[in-house]
Amino acid sequence: MRIIGSPSSCALLAGGLVVLLVAEARAAGPEPKHAFPLGVQRGATVEVAVDGNFPKWPLGVWIDRPGLSITAGEKGKLSVAAAADASPGVYWLRMYDDAPAAAPQPFVVGTLTQINEAEPNNGPEQAQAVDASTVVNGRLSPGGDVDHVAVNLSQGQTLVASLAAHETLGSQFDGVMQIVGPAGSVVAYNHDHGGLDPQIAFVAPADGKYLVRVFGFPSAPNSTIGFAGSDAYIYRLTLATGGFVDYPWPLAVTRGSDAQVELFGWNLPQSVKLLAVRGDGETATLSDPQLANTVSVAVEPHATAVVSEPNELAAPEKIELPLTVSGRLESPGDVDAFAFAGTKGQVVAFELSGRSLGYPIDGVLEVFDEAGTSLARADDVGEARDPVLAFSPPADGMFRIVVSDLNGQGSGRHVYRLRAALQQPEFALSTDAHAVELVAGMPTEISVAVERRHGFAEEIALSVTGLPEFVTVAPATSAAAGDSAKTVKLVLTTDQGPFSGPIRVVGTATGASQLVRTSTAAIPNHESRTSDVWLTVIGEPKK
C-alpha cells in the first residue's frame with residue numbers, strides 16, 4: 001500500500017492503521033453480569049443461567065481448584081457438576097474465550113440438598129414449604145421483593161438460618177432476616193451477623209410452622225426508602241436443624257503440625273465435635289458431610305495456644321513471643337491479660353481478630369506496665385471493628401497486654417484470636433488489574449505496586465510464573481529506594497499466540513530475609529483478592 005503525503009501525515013496514518021488492526025484483534029471477551037444459582041450440592045449437577053454479553057459461545061470456564069466440572073450448553077447456560085468428594089466451600093470461576101477473560105466469580109459447593117426459590121413468595125400465605133435442612137437459592141427481584149419460606153419445627157428444636165449474599169457472593173445488598181411464628185408475629189430478627197449478612201439460631205418454643213423472611217437494602221446506602229431488589233441480588237439461604245458450626249477451637253494452629261480442633265455450634269453430632277486438622281497453607285478448612293457449613297482456622301508460622309484461666313490483670317498468663325492465642329471473654333466484664341517480656345527499641349505487634357471473623361466481640365487492646373499504668377490502647381482500626389496495636393517498650397521489662405470488650409460484654413461466643421509477634425520488615429505486592437492482554441508484536445506492561453512495611457529496605461526481584469514458552473518478561477527489580485521501590489513495570493512480549501490462562505507475579509527479596517511474596521489483584525465487587533492474573537495472548541494482528 002502506498003501512502004502519499006508528508007512524513008508526519010504518513011506516520012499519523014500508519015499509526016492509525018496499527019490502532020485499527022489492534023482493535024480488530026482485540027475482540028470483546030465474555031462479560032457476565034450475574035449467574036443463578038451460585039451453588040451446588042456435592043455429588044450433584046445444577047444448571048446455571050448466566051446473564052451478560054457473550055460474543056462467543058461456547059466458552060471456557062477455569063476453576064481455581066479440583067472438584068467441579070463445567071460444560072457449556074445452549075447460550076447462557078452452564079452445567080456444573082460437583083464430585084462426590086468435592087471439598088465444600090467457595091470456588092472461584094473465570095469465563096474466557098480467546099479475548100480478555102471475565103473477572104473471577106464465586107461458586108459454592110455445599111453438603112445439603114439445595115432448591116431454587118419459587119415465586120410468588122412475597123407474603124406469608126405464599127411461603128414456599130421447604131425441608132428443615134436445605135439450601136434455598138434465591139434472588140430479591142424486582143425492587144421491593146420479600147421472600148418467604150416455611151419450615152415445620154418441633155418444640156425445642158433448633159433451627160439455624162444463615163444467609164450468604166454480600167460477604168460470600170458479592171451481592172450488592174444488605175440482607176435482613178426475620179423468623180415469624182405460627183401466630184404471625186416476628187419471633188427472631190437479625191440484620192448484620194457476619195458483615196452485612198444475617199444469621200439466626202432459633203429454638204422453637206412450640207410445635208408449628210415457622211416462616212423465614214428475607215429482604216434487603218442496598219449495601220451502599222442511598223436516599224432510597226423501601227426494600228431494594230434487582231436480578232443481581234442473589235443469595236443462598238442455609239436452613240439447618242442438623243449440625244451447624246459456629247466456631248472452631250482453637251482458632252489457629254501451627255504450620256506443619258497435626259492438631260485436634262473442637263467444634264462449637266448447634267445440633268453438632270458427637271462424632272464431629274472433634275476433627276483432625278493439618279496445618280498447611282495460610283488457612284485450614286474444616287468440613288464434614290454431617291455439617292451444613294464449613295469453618296476455617298488460621299495457620300501460623302509460630303507457636304499457637306489456648307488461653308488459660310484465670311488470667312486477669314493482677315494475675316496475667318505469661319507468654320513468649322511470637323505466639324497466636326485463642327481466647328474467649330466468657331462473661332460480662334471478663335478480661336484476658338498476658339504478660340510478655342519487652343526490650344527497648346523493639347516493636348511488638350498485636351493483632352486481634354474477632355468481629356471480622358463473625359463473632360460479637362468488640363475488641364480492645366491495652367498495654368500496661370507492671371505497676372498497672374496504661375501505656376498504649378487501641379480500639380477500632382478505620383472501618384474495621386478489630387484492633388491492631390504496635391507497642392514500643394520504653395525500657396526493658398515485663399508488660400501486660402489485656403483483651404477486653406469495648407462495652408464490657410461477654411459470652412461463650414465472644415471469642416478472639418490474638419497474634420503477638422515482634423514487628424518485622426515486610427513487603428506486599430499488588431497488580432493493577434486481574435486480567436492482562438498481550439498482542440503479538442506489541443509489548444504490554446503489568447504495573448506492580450510494592451508496599452514496604454516497617455522499614456523493609458531490600459531489593460526485590462520480580463518474576464512471572466505460568467507463562468507459555470513463547471512469552472518473555474524482561475528482568476525487573478524493585479530497588480530499595482527511588483521510584484521502583486514503590487512501583488515496578490513488568491514488560492511482556494511475544495511474537496506468537498494464542499494463549500489464555502492464569503499467571504502469577506512473584507517477588508523474592510534478594511537480601512538477608514529471602515522473603516517470597518505473591519502479588520494479588522482486586523476482584524470487582526468482592527473483598528477477596530486473587531493471586532491468579534489472567535493472561536490473554538492474541539496472535540499477530542491481521543495484515
Should [X] and [Y] count as side-chain neighbours, where that means a heavy-atom distance under 4.5 Å?
X: Pro360; Y: Gln409; answer: no
X: His191; Y: Asp174; answer: yes
X: Pro502; Y: Trp534; answer: yes
X: Val506; Y: Val516; answer: yes
X: Lys209; Y: Pro182; answer: no
X: His414; Y: Ser331; answer: no
X: Ser528; Y: Trp92; answer: yes
X: Asp379; Y: Pro387; answer: no

Any donor-acceptor pair under 3.5 Å from [X] side chain to [Y] backbone:
X: Glu119; Y: Glu117; value: no
X: Asp432; Y: Ile446; value: no
X: Ser519; Y: Thr431; value: yes
X: Ser257; Y: Thr254; value: yes
X: Gln157; Y: Leu153; value: no
X: Asp51; Y: Lys33; value: no
X: Asp288; Y: Val272; value: no
X: His148; Y: Asn121; value: yes
X: Gln41; Y: Gln114; value: no

How far apart are the C-alpha atoms of Ile401 and Leu389, what are their side-chain angles, what is the distance that settles it, and do they pass the side chain to side chain contact (heavy atoms under 4.5 Å, CB included) test? CA-CA 10 Å; Ile401 179 73; Leu389 176 62; 4.2 Å; yes

Determine the minimum heavy-atom distance between [X] and [Y], stating which atoms define it.
X: Leu112; Y: Ala292; result: CD1-CB, 3.7 Å
X: Ala81; Y: Thr45; result: CB-OG1, 3.4 Å
X: Leu211; Y: Pro124; result: CD1-CB, 3.5 Å
X: Ala240; Y: Ser133; result: CA-OG, 4.0 Å
X: Ala35; Y: Val50; result: CB-CG2, 4.1 Å
X: Asp231; Y: Ile234; result: O-CG1, 3.6 Å

[atom1]-[atom2] distance between [X] and [Y], expressed to the nearest 0.5 angstrom:
X: Leu163; Y: His166; atom1: CG; atom2: NE2; result: 12.0 Å
X: Leu535; Y: Phe499; atom1: CG; atom2: CZ; result: 6.0 Å
X: Thr241; Y: Asp131; atom1: OG1; atom2: CG; result: 9.0 Å
X: Glu317; Y: Phe338; atom1: CD; atom2: CZ; result: 5.5 Å
X: Ser171; Y: Asp197; atom1: OG; atom2: CG; result: 8.5 Å
X: Leu159; Y: Asn152; atom1: CG; atom2: CG; result: 11.5 Å

[X]/[Y] ion pair, N-O < 4.0 Å:
X: Arg419; Y: Glu300; value: yes
X: Asp386; Y: Arg355; value: no
X: Asp147; Y: Arg213; value: no
X: Asp85; Y: Arg42; value: no
X: Asp98; Y: Lys56; value: yes

Partner of Pro37 by side-chain contact (heavy atoms from CB on, under 4.5 Å), out of Asn116, Val136, Ile115: Asn116

Could you point out which residue of Lys75, Met95, Arg94 forms a side-chain contact (heavy atoms from CB on, under 4.5 Å) with Leu59? Met95

Is the distance from the ring center of Phe107 to that of Tyr91 below 6.0 Å? no

Any chance the rings of Trp62 and Tyr96 have centres within less than 6.0 Å? no

Could you walk me through whether Arg255 and Asp280 pass the salt bridge (charged side-chain N to carboxylate O under 4.0 Å, His left out) check? CA-CA 6 Å; Arg255 181 167 297 136; Asp280 291 326; over 6 Å; no

Check the side chains of Glu330 and Ser411 for a donor-acceptor pair under 3.5 angstrom, ignoring hydrogens and angles. no

Could Arg417 and Tyr359 be counted as a cation-pi pair, given that NZ or CZ must be under 6.0 Å from the ring centre and within 45° of the axis? no

Show your reasoning for whether side chain to side chain contact (heavy atoms under 4.5 Å, CB included) applies to Val277 and Leu286. CA-CA 7 Å; Val277 62; Leu286 303 173; 3.8 Å; yes

Trp249 vs Tyr247 aromatic rings, parallel, tilted or perpendicular, using cut-offs 30° and 60°? perpendicular

Could you go step by step and tell me if Thr324 and Thr304 meet the side chain to side chain donor-acceptor pair (under 3.5 Å) rule? CA-CA 5 Å; Thr324 295; Thr304 56; over 6 Å; no

Could you walk me through whether Ser271 and Gln290 pass the side chain to side chain contact (heavy atoms under 4.5 Å, CB included) test, one step at a time? CA-CA 9 Å; Ser271 60; Gln290 300 178 79; 3.2 Å; yes

Stepwise side chain to side chain contact (heavy atoms under 4.5 Å, CB included) check, Val299 with Val253: CA-CA 5 Å; Val299 177; Val253 297; 4.2 Å; yes

For Glu74, look at atom CD and say whether over 12 heavy atoms of other residues, nucleotides or ligands are found less than 6.0 Å away. no

Please say which of Phe227, Phe173, Tyr235 ends up in a ring pair (Phe, Tyr, Trp, His ring centres under 6.0 Å) with Phe215. Phe227

